[in-house]
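Since the structure comes first, as structure tokens, the remarks are kept for the end.
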Amino acid sequence: MLALITGAAKGIGRAITLQLAHDGFDVAINYAHSEEAAKSLRDEVTALGVKAEIFRADVSVQEEAAKMFADVKASFGENVSVLVNNAGITRDTLLMRMKAEDWLAVINTNLNAAFYCSQLAVKDMAKARYGRIISISSVVGLVGNAGQCNYSASKAGIIGLTKSIAREYAARGITANAIAPGFIDTGMTGILKPEVKEGILKSIPVGRIGEPEEVARAVSFFASEKSAYITGQTLAVDGGMTMI
Ligand code: NAP
């Protein structure tokens, strides 16, 4: 079976790709800018004995997402059975200072891309009467965060999108679930100031920052047949930060 992971070259996407390859999936690795990292991930995954190929596409652009799906199909001769909507960016600032372009860039990349890719994926999944759509939300999509109106809105949108896909396609054997990571050690969080990190650490009952592999293991469950009776859910992988 084939899994397509958006924004797969780095951070959480990279860990998800490696986990799904370990699970036996062939993997389509999407990247926008990180070509070298994508190539090295492809080589690492291929060494595990599954098929892997890289696909450059800015998934926030509908035409590029569509071309990527066509290229993936042509390259693997197979439809995508597992889609992981992982690509994401931040443009943090307070509401009063947020420019429309900061709002739009984040909504386009984090939410609109998930819509484009999910729509492209369900066509074939519905025919196959099987599919898994897993979208990476965030705890801030559940509880909000000062300085992240755009990001929180995009991540809350992912949850609504997921629940609606789940309802529309449950009868066709397709599940849609979201994962809401808390504070995970990647490039996205690496840019935060030490005092900000200290403050966040105090709000994590487990008492440490999460690893990308810990998110990937939750994706692995939702990607498997073991999760067939779970759809429309959002699982927080956050060391107890939210507990909603
Ligand atoms: P990261 O290390 O910055 O990685 C982000 C990935 O998204 C990169 O691989 C990047 O690819 C890709 N990407 C960005 N814009 C793209 C586009 N237009 N088209 C295709 N790919 C694009 O961040 P991360 O922490 O791994 O984040 C992964 C996901 O987890 C995101 O959705 C993020 O919001 C979510 N998340 C992260 C945390 C955390 O604490 N780290 C917490 C909650 C949720 P290129 O480098 O090729 O551009």
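Computed over heavy atoms, backbone and side chain alike; hydrogens, waters and symmetry mates excluded. For ligands, and for the atoms within them, numbers begin at 1 and follow the listed sequence.
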Does any non-hydrogen side-chain atom of Asp23 lie less than 4.5 Å from one of Ser224?
no
Does ligand 1 have any atom that is closer than 4.0 Å to a heavy atom of Thr109?
yes
Taking only non-hydrogen atoms of Pro212, do any sit less than 4.0 angstrom from ligand 1?
no
Just let me know how [X] lines up against ligand 1, side chain, backbone, both or neither, with a heavy-atom cut-off below 4.0 Å.
X	value
Asp185	neither
Thr189	side chain
Ser137	backbone
Lys155	side chain
Ala57	backbone
Val215	neither

Which residue and heavy atom of the protein sit nearest [atom], plus the separation:
atom	answer
atom 25 (O) of ligand 1	Thr186 OG1, 2.5 Å
atom 13 (N) of ligand 1	Ala87 CB, 3.8 Å
atom 28 (C) of ligand 1	Asn86 OD1, 3.2 Å

Salt bridge (charged side-chain N to carboxylate O under 4.0 Å, His left out) partners of Asp71, counting only residues at least two apart:
Lys67
